[in-house]
Amino acid sequence: MKRILLMVLRNIILVPYMWCKLCYHASHVDKYTEEEHYKMLRFIVLHANKGGNVTIQAYGKENIPKESGFMFFPNHQGMYDVLAIVEACSTPFSVVAKKEIKDIQFLKQVIACMKGYLMDREDIRQSMKVISDVTEEVKKGRNYVIFPEGTRSKEGNMVQSFKAGSFKAATKAKCPIIPVALINAFKPFDTNTISPVTVEVHFLPPLYYEEYKDLKTKEIAEKVQKQIQMTILEHM
């Protein structure tokens, strides 16, 4: 909470403008292109990070495919994760998030601007519908983020088990799977401090369909989880 207040106070002149613009975009999603939405979101995130003493260090950006129609699979540390990836990645993407986000101001507007999906993990039919819709959109060239842990880790930089079902949309779309290792992404919003913090975003080499087509989703999940955890341990 302290850091969010610092972000607001240090951008006090811009905050009314940015908030109104965000809300307008969220209420008129079809009026703007995906690139226009994303440009606006990055403007807000960049100013918020600067004001909140948050530095994003991005590694492996050369691993992000030049051609759209791919999926990021990061470890999940908290509400700040998507914002860290937004600053680190200049290529627009959308997100699949848990339904509880719909009640959190700012984050729900961000998800709306990204035309993201909110998944009810207790409703199997709704979850399958989301996976089906995301599959079709990725096939058409949209990019997505899915957090395969399902819920954020409560142990900081330790990674939880990845759920095999999280990879179904990617395998059905036959798209590149890009593991993303987040380090210290829990600190900006989940620690009660305003001290400078550096969040690392590591884009790892993608897994292409030809590399994983013979693997079960459980095996893909284990492979991606291992790569991310090893990356985190190497850089801590």
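Only a predicted model underlies this, so the values are computations on that prediction, with no experimental measurement involved. Positions are given from 1, in the same order as the sequence printed here.
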> Can you tell me how the ring of F93 sits relative to the ring of Y38, calling it parallel under 30°, perpendicular over 60° and tilted otherwise?
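The arrangement is perpendicular - the two ring planes meet at more than 60°.
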> Determine, using ring centers only, whether H28 and Y32 are less than 6.0 Å apart.
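Between Y32 and H28, the centre distance exceeds or equals 6.0 Å.
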> Say you draw a straight line from CG of L83 to CG of L107; how long is it, rounded to the nearest 0.5 Å?
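If I round to the nearest 0.5 Å, the distance is 6.5 Å.
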> I'd like to know if the side chain of H37 and the backbone of V29 have a donor-acceptor N/O pair within less than 3.5 Å.
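It does hold such a pair.
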> What are the two closest non-hydrogen atoms of E219 and D214, and how far apart are they?
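Heavy atoms only, the tightest pair is OE1-O, 4.5 Å.
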> Please check: side-chain N/O of S27 versus main-chain N/O of Y24, any donor-acceptor pairing under 3.5 Å?
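Looks like no, no N/O pair under 3.5 Å.
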> Report the distance from atom CE of M18 to atom CG of N11, rounding to the nearest 0.5 Å.
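It comes to 4.5 Å.
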> Can a side-chain donor-acceptor contact be found between Y59 and Q57 if the only test is distance below 3.5 angstrom?
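Yes, Y59 and Q57 have a side-chain donor paired with an acceptor closer than 3.5 Å.
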> Can E149 and N75 be counted as having a side-chain donor-acceptor contact under 3.5 angstrom?
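Distance-only check fails for E149 and N75.
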> Check whether more than 12 heavy atoms from other residues, nucleotides or ligands sit under 6.0 Å from atom CD of E35, and answer yes or no.
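Atom CD in E35 is packed in, count exceeds 12.
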> With the 4.5 Å side-chain cut-off for hydrophobic clustering, are V54 and I4 part of the same group?
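Both belong to a single hydrophobic cluster.
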> Under 4.5 Å between any side-chain heavy atoms of F147 and P74, yes or no?
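Yes, close enough: below the 4.5 Å cut-off.
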> Compare every heavy atom of C113 with every heavy atom of M40, then report the nearest pair and how far apart it is.
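Closest pair (atom of M40, atom of C113, distance): CE-SG, 3.8 Å.
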> For atom NZ of K98, is the number of surrounding heavy atoms from other residues, nucleotides or ligands below 6.0 Å larger than 12?
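Atom NZ in K98 is packed in, count exceeds 12.
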> For residues A169 and T135, report the shortest heavy-atom separation together with the two atoms involved.
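Smallest interatomic distance, heavy atoms only, reads CA-OG1, 3.3 Å.
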> To the nearest 0.5 angstrom, please state how far the NZ atom of K218 sits from the OG atom of S161.
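Rounded to the nearest 0.5 Å, the NZ-OG separation comes out at 9.5 Å.
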> Between T151 and H76, what is the shortest heavy-atom contact and its length?
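Here T151 and H76 meet closest at C-CD2, 3.6 Å.
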> Are the side chains of T55 and V197 in contact, using a 4.5 Å heavy-atom criterion?
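No, too far: nothing below the 4.5 Å cut-off.
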> Between M71 and V134, what is the shortest heavy-atom contact and its length?
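Minimum heavy-atom separation between M71 and V134: CE-CG1, 4.1 Å.
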> Can you tell me if CZ on F43 sees more than 12 non-hydrogen neighbours from other groups inside 6.0 Å?
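Yes, the 6.0 Å shell around CZ holds more than 12 heavy atoms from other groups.
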> More than 12 foreign heavy atoms under 6.0 Å from NZ of K226: is that the case here?
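Open.
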> Is there a side-chain contact between L182 and E200 (heavy atoms, below 4.5 Å)?
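Not touching, per the 4.5 Å side-chain cut-off.
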> Any chance you could lay out the ring-ring contact (aromatic ring centres under 6.0 Å, His included) test for F203 and F72, step after step, and finish with the verdict?
CA-CA 9 Å; F203 298 101; F72 289 131; 5.3 Å; yes
> Do Y17 and L22 come within less than 4.5 Å of each other through their side chains, counting heavy atoms only?
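They are not in side-chain contact.
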> Indicate the ring-plane relationship of F189 and Y80, choosing parallel, tilted or perpendicular according to the 30° and 60° boundaries.
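The arrangement is perpendicular - the two ring planes meet at more than 60°.
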> What do you reckon, are the aromatic ring centroids of F167 and Y212 less than 6.0 Å apart?
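They do not qualify: ring centres at least 6.0 Å apart.
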> Flag the pair K115 and E137 as a salt bridge only when some basic side-chain nitrogen lies within less than 4.0 angstrom of an acidic carboxylate oxygen.
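Not counted as a salt bridge, because no side-chain N and carboxylate O are separated by less than 4.0 Å.
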> Side chains of Q105 and Q109: is there a donor and an acceptor less than 3.5 Å apart?
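The criterion, which ignores hydrogens and geometry beyond distance, is satisfied for Q109 and Q105.
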> May I ask you to check whether N192 and R3 show a side-chain donor-acceptor distance below 3.5 Å?
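No - no donor-acceptor pair under 3.5 Å links their side chains.
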> Test side-chain contact (heavy atoms from CB on, under 4.5 Å) on Q225 and I228; report intermediate values, then the result.
CA-CA 5 Å; Q225 177 191 348; I228 289 174; 6.0 Å; no
> Please indicate whether E234 has more than 12 foreign heavy atoms, meaning atoms of other residues, nucleotides or ligands, lying under 6.0 Å from its CD.
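It does: E234 CD has more than 12 such atoms within range.
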> Is the number of heavy atoms from other residues, nucleotides or ligands under 6.0 Å of E62 CD greater than 12?
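For E62, atom CD is crowded (more than 12 foreign heavy atoms under 6.0 Å).
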> Does one side chain, of T193 or T191, offer a donor that lies under 3.5 Å from an acceptor on the other?
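The criterion, which ignores hydrogens and geometry beyond distance, is not satisfied for T191 and T193.
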> Mind checking whether M114 and L41 have side chains closer than 4.5 Å, heavy atoms only?
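Yes. Closest side-chain heavy atoms under 4.5 Å.
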> Is there a path of hydrophobic side-chain contacts, each under 4.5 Å between heavy atoms, that joins I146 and I111?
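No; I111 is not reachable from I146 via cluster members.
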> Drop me the distance from I177's CD1 to K223's NZ, to the nearest 0.5 angstrom.
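One gets 10.5 Å once the value is rounded to the nearest 0.5 Å.
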> List the atom of P205, the atom of P179, and the distance in Å for their closest heavy-atom pair.
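Closest pair (atom of P205, atom of P179, distance): O-CD, 3.6 Å.
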> Between CD of E87 and NZ of K50, what distance do you get to the nearest 0.5 Å?
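Going from the CD atom of E87 to the NZ atom of K50 covers 11.5 Å.
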> Verify the cluster assignment for F186 and L233: are they in a single hydrophobic cluster under the rule of side-chain heavy atoms below 4.5 Å apart?
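Per the 4.5 Å side-chain linkage, F186 and L233 are not co-clustered.
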> Within a radius of less than 6.0 Å around CD1 of I124, do more than 12 heavy atoms belonging to other residues, nucleotides or ligands occur?
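No.
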> How about V199 and P188: do any of their side-chain heavy atoms sit closer than 4.5 Å?
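They are in side-chain contact.
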> State whether the number of non-hydrogen atoms from other residues, nucleotides or ligands found under 6.0 Å of K129 atom NZ is greater than 12.
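No, because the 6.0 Å sphere around NZ of K129 holds 12 heavy atoms or fewer from other groups.
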> Applying side-chain hydrogen bond (donor to acceptor under 3.5 Å, both in side chains), run through Y117 and Q126 and close with a yes or a no.
CA-CA 11 Å; Y117 286 93; Q126 190 266 356; over 6 Å; no
> Quick one, T91 and K66 - any side-chain contact, counting heavy atoms below 4.5 Å?
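Answer no - side chains too far apart.
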> To the nearest 0.5 Å, how far apart are NZ in K39 and NE2 in H25?
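K39 NZ to H25 NE2: 10.5 Å, rounded to 0.5 Å.
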> Count I, L, V, M, F, W, Y as connected when their side-chain heavy atoms are under 4.5 Å apart, and connections chain through other members. Are L6 and I44 then in the same cluster?
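Different hydrophobic clusters.
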> Run K139 and E136 through salt bridge (Lys or Arg N to Asp or Glu O under 4.0 Å) and show every step you take.
CA-CA 5 Å; K139 285 181 179 179; E136 293 306 310; 3.7 Å; yes
> In terms of hydrophobic clustering (I, L, V, M, F, W, Y; side-chain heavy atoms under 4.5 Å; direct or indirect links), are Y144 and F73 co-clustered?
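Yes, Y144 and F73 fall within the same hydrophobic cluster.
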> Can you tell if the side chain of N143 reaches within under 4.5 Å of the side chain of S94, non-hydrogen atoms only?
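No, their side chains stay 4.5 Å or more apart.
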> Mark yes or no for whether Q227, through its side chain, and V224, through its backbone, hold a donor-acceptor pair below 3.5 Å.
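Not a single qualifying donor-acceptor pair exists.
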> Between K99 and E122, does the salt bridge (Lys or Arg N to Asp or Glu O under 4.0 Å) criterion hold? Intermediate values first, please.
CA-CA 10 Å; K99 68 173 184 177; E122 296 180 359; 5.2 Å; no
